[in-house]
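Written out below as structure tokens is the structure these notes cover.
Throughout, protein chains are lettered first and strands after them, A, B, ... in sequence-line order, and every chain is numbered starting at 1. Keep in mind that what you see is a predicted model, and the values were worked out from it rather than measured.
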Amino acid sequence: MKHIEERLKRLILGALKDAYGISVDAVHIETPADKRHGDYATNIAMTLAKRLQSNPRDIAANIKAALADEGMFDAIDIAGPGFINFYLDKTLYYDTLRDILKKRESFGDGEDKGVHINLEYVSANPTGILHVGHARGAAAGDSLARLLRKAGYKVTREFYVNDGGNQIMNLARSVEARYFELFGEEKPFPEDGYRGGEIIDIAKTMRERYGDRFLHEDGIDSFREESVAELLKGLKRDLDAFGVTFDVFYSEKSLYETGAVEETREALKAKGYTYEKEGALFLRTTAFGDEKDRVIVKSDGTYTYLLPDIAYHREKLSRGFDALIDILGADHHGYVPRLQAALEMFTEERRLEVLILQLVKVLQNGEEVKMSKRSGRTITLRDLIEEVGSDAIRYFFARHSLNTHMDLDLDLAIKQTNENPVYYAQYAHARIRSVFEKADNEGYAYTDDIDTFEHLDDERVHDLLAALGAYPSLIEHAAATRSFHRITQFIHRLAQKLHAFYSHIVILDENVRARSEKLLLLEAVRIVLKDALNLIGVSAPEKM
RNA sequence: GUUCCGGUAGCUCAGGGGAUAGAGCAAUGGCCUUCUAAGCCAUCGGUCGGGGGUUCGAAUCCCUCCCGGAACGCCA
């Protein structure tokens, strides 16, 4: 079935041509929040008021008169300042129902966009374990990846592993110092070293594997490699428990090994975008809108982090992606212009989209908890998952847009577990399953061999079907605007309508036919609810 | 000082330039002999930070001021 909205747009365009002989670029169709304003509404008459030198309500009346409505609507009203409200013929609701039952979880899938997106998120340094601050990026990236795929984009989920810079050496020295400590030996702890408990754990692992060997010989390479490997393993395990996975873990170190970093430096030089000053190599990022030029090779000959980052993004482009999306924390926003500038030295148009994620303020005992890996005092993602649960946290993050400055009150999050809105949605799913279980166990026979619906003429049914019917265009819009939180809003709306339906209508009707129709409706709701929950990484339980 | 976010109900937050600004939590009052009460129904709650402007129409766009967060390194 062609989306109703598409059909409606064509009708309106046709009416405009007939009534006024004009065409417009876009017809805005909305699904009014207030159902008294119909199933669909358009403001087209108001937007044309100026162009047609006429008042919106008259224009609306002319459009209405010219509409060849094909029997799609029960009624078309002109309301308010000039809205045209469309009240769908009820049989079209049943089209939605049939459509969902046929397509199941592929209902709402966008058409193949033929666009391959590389989506990079989290990319936490392997110098500690994930804390609450990382959780938001992980939840956002994963949800967005799922949403984009649903909408018809091909998506590669990528994690950039910073295993090549100074901080890794800092990490290795930190572990080394802890290792010496385990043997009661003195070794100065790095000034800016990592003090998390996991650093001590790794030192213990090193002691198990190598004994006291590195007290006598230089083990810094081993400390570095083993530490990164151990921490990365931990990151993956925590992310996995959070339902967040990646297709590619890309090593920064490999960029050095393949010569990609040097190659990028030379390419920038060759293009004439670099100059030397005070012994350092500067990149002329101001030529592309940055506020000042940036150093890429320091006067001591080492690289700043910008150069490998440019090399990395070039490498991503060379893998054939049509678009790159990075999700970065707000603390890195100032970095964006220089990276964009550098990449535009290589590409005609801007290919990198950067989504900035505002930082989460974590409160405990009424006080802000500062996250710092170096201090080692953190609230870890792992603890949070254990105490609050992955679903509740995922739902919490998925409710908020990227640029919301969020307060996460841990006491509240933990204490109010049962009042978390995630359960409202999950409960709706479990309820549906339980009705089926009851039907199966207690001999309420039903059939799914139904193509017409005669017992579903109820306002609450229409509310449910209207909500379900909006799913495909919601997916499109949410994906296009990268706003996965709209999915969460949809989930809540759908659950709300399901609960209302459930509370007022007996599903296991005495009449087999009526019972079957209602069960099919429930099944359709369940399919879409589960699919939407899946998009934000939340489970759909069979029982609660 | 500059740049980027944000300021909407007691709290946490939604609000594709449109209709009477909405949810959750909190508060109040009803609803379990029948499919899960983690639910339903109802009520309470707002000078959309202030002031200008654009528009038929502004929480939304523009300007300006105030408040909060973040960033302004040859750190990552």
Side-chain angles (χ1 to χ4, degrees), chain A residues 28-30 32-34 36-37 41-43 46-47 49-50 55-56 79-83 85 125 127 162 165-168 170 192 252 277-282 291-292 294-306 308-309 329-337 356-359 361 396 399-409 412-413 416-428 430-439 442 444 477-478 480-481 483 485-486 488-489 492-493 495-496 498-509 515 518-519 522 543-544:
Chain A
H28 177 78
I29 306 277
E30 60 181 39
D34 187 336
R36 284 173 301 182
H37 297 137
T42 181
N43 62 352
M46 289 177 289
T47 63
K50 181 162 260 177
N55 95 57
F83 286 100
N85 294 335
N125 289 354
T127 53
N162 292 97
N166 308 334
Q167 290 311 315
I168 296 302
N170 190 4
D192 216 8
E252 176 190 4
K277 194 174 98 183
E278 293 158 9
L281 190 67
F282 281 73
E291 53 185 30
K292 53 179 153 181
R294 308 291 172 173
V295 171
I296 53 174
V297 183
K298 292 182 257 180
S299 48
D300 66 2
T302 62
Y303 300 144
T304 64
Y305 57 96
L306 180 58
D309 256 19
D331 52 339
H332 288 89
H333 89 268
Y335 179 60
V336 178
I356 295 297
L357 188 68
Q358 294 303 317
L359 272 28
K361 186 199 269 185
F396 175 77
R399 287 175 77 193
H400 303 103
S401 78
L402 287 168
N403 41 17
T404 303
H405 296 249
M406 292 189 328
D407 285 358
L408 173 60
D409 187 327
L412 228 60
Q416 299 190 339
T417 287
N418 277 343
E419 286 152 32
N420 191 300
V422 71
Y423 297 101
Y424 184 79
Q426 292 185 314
Y427 187 52
R431 265 187 152 172
I432 294 173
R433 287 303 305 146
S434 86
V435 178
F436 276 94
E437 195 180 309
K438 169 120 182 165
E442 301 187 12
Y444 290 93
H477 185 260
T481 55
S483 39
H485 68 283
R486 288 181 187 282
T488 316
Q489 292 171 4
H492 187 263
R493 272 198 307 277
Q496 206 164 42
L498 183 276
H499 285 308
F501 172 80
Y502 182 94
S503 302
H504 292 93
I505 291 174
V506 176
I507 296 151
L508 297 179
D509 201 291
R515 189 198 302 155
K518 289 176 195 170
L519 283 169
L522 284 199
K543 264 190 173 51
M544 281 176 76

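In this model, a side-chain donor or acceptor of A:N85 finds a partner on the base of B:rA19 within 3.5 Å. A:Y427 contributes no side-chain N or O that forms a donor-acceptor pair with the base of B:rA38 under 3.5 Å. The base of B:rG6 has none of its N or O atoms less than 3.5 Å from a complementary donor or acceptor on the side chain of A:N403. Contact annotation: side chain of A:S434 to base of B:rC35, donor-acceptor pair absent below 3.5 Å.
With a cut-off of 3.5 Å on both pairing distances, the Watson-Crick or G-U wobble partner of B:rA27 is B:rU43. The pairing partner recorded for B:rG6 is B:rC67, the criterion being a Watson-Crick or G-U wobble arrangement whose two distances lie under 3.5 angstrom. In this structure, B:rG17 makes no Watson-Crick or G-U wobble pair, since no nucleotide meets both defining distances under 3.5 angstrom. If you check B:rU33 for Watson-Crick or wobble pairing at under 3.5 angstrom, you find it has no partner at all. In this entry B:rG1 has B:rC72 as its Watson-Crick or G-U wobble partner, both defining distances falling under 3.5 Å.
Comparing B:rA19, B:rA23, B:rU36 by their closest approach to the side chain of A:R431 singles out B:rU36. Among the nucleotides B:rA71, B:rC74, B:rC41, the one closest to the side chain of A:D331 is B:rA71. For A:V295, taking side-chain heavy atoms from C-beta onward, the closest of the listed nucleotides B:rC35, B:rC74, B:rA19 is B:rC74. Residue A:H499 places its side chain closer to B:rC40 than to any other of B:rG18, B:rG73, B:rC40. Side-chain proximity of A:M544 to the nucleotides B:rA38, B:rA70, B:rA76 is greatest for B:rA38. Proximity note for A:H405 (side chain, C-beta onward) versus B:rG24, B:rC40, B:rG68: the nearest is B:rG68. Closest approach to the A:H400 side chain among B:rC41, B:rC13, B:rC35 is made by B:rC13 (side chain taken as heavy atoms from C-beta onward). Among the nucleotides B:rA76, B:rG24, B:rC35, the one closest to any side-chain atom of A:Q496 is B:rG24. Picking from B:rC41, B:rC74, B:rG39 the nucleotide with the shortest atom distance to the side chain of A:S503 gives B:rG39. Distance from the side chain of A:M46 is smallest for B:rG18 among the nucleotides B:rG24, B:rC35, B:rG18.
Taking the O4'-C1'-N9-C4 or O4'-C1'-N1-C2 dihedral as appropriate, B:rC65 has a value more than 90° from 0 and is therefore anti. Syn is the glycosidic conformation of B:rG16, whose angle stays within 90° of 0.
Residues A:D309 and A:Y335 bring a donor and an acceptor atom of their side chains to less than 3.5 Å of each other.
Across all strands, A:H333 comes closer than 4.0 Å to base atoms (heavy-atom distances).
A donor-acceptor contact shorter than 3.5 Å links the side chain of A:H499 to the backbone of A:Y424. Side-chain atoms of A:H400 come within 3.5 Å of backbone N or O of A:F396 as a donor-acceptor pair.
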Could you check A:Q167 against A:N162 for side chain to side chain contact (heavy atoms under 4.5 Å, CB included), going step by step and ending with a plain yes or no? CA-CA 9 Å; A:Q167 290 311 315; A:N162 292 97; over 6 Å; no
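Stacking here means ring centres nearer than 5.5 Å and ring planes tilted less than 30 degrees, and by that measure A:Y423 stacks onto B:rA38. Here A:F83 counts as stacked on B:rA19: its ring centre is under 5.5 angstrom from the base ring centre and the planes meet at under 30°.
Nucleotides B:rC5 and B:rG15, compared at atom P, are 15 Å apart to the nearest Å.
Residue whose closest nucleotide on RNA chain B sits further toward the 5' end, between A:K298 and A:S401: A:S401. Each of A:V297 and A:Y502 was matched to the nucleotide of RNA chain B holding its nearest heavy atom; the match closer to the 5' end belongs to A:Y502.
Rounded to the nearest 0.5 angstrom, A:Q426 CD and A:R431 CZ are separated by 14.5 Å. Atom CG in A:D192 sits 6.0 Å away from atom CG in A:N170 (nearest 0.5 Å).
Atom P of nucleotide B:rU34 and atom CG of A:D509 are separated by 18 Å, given to the nearest angstrom.
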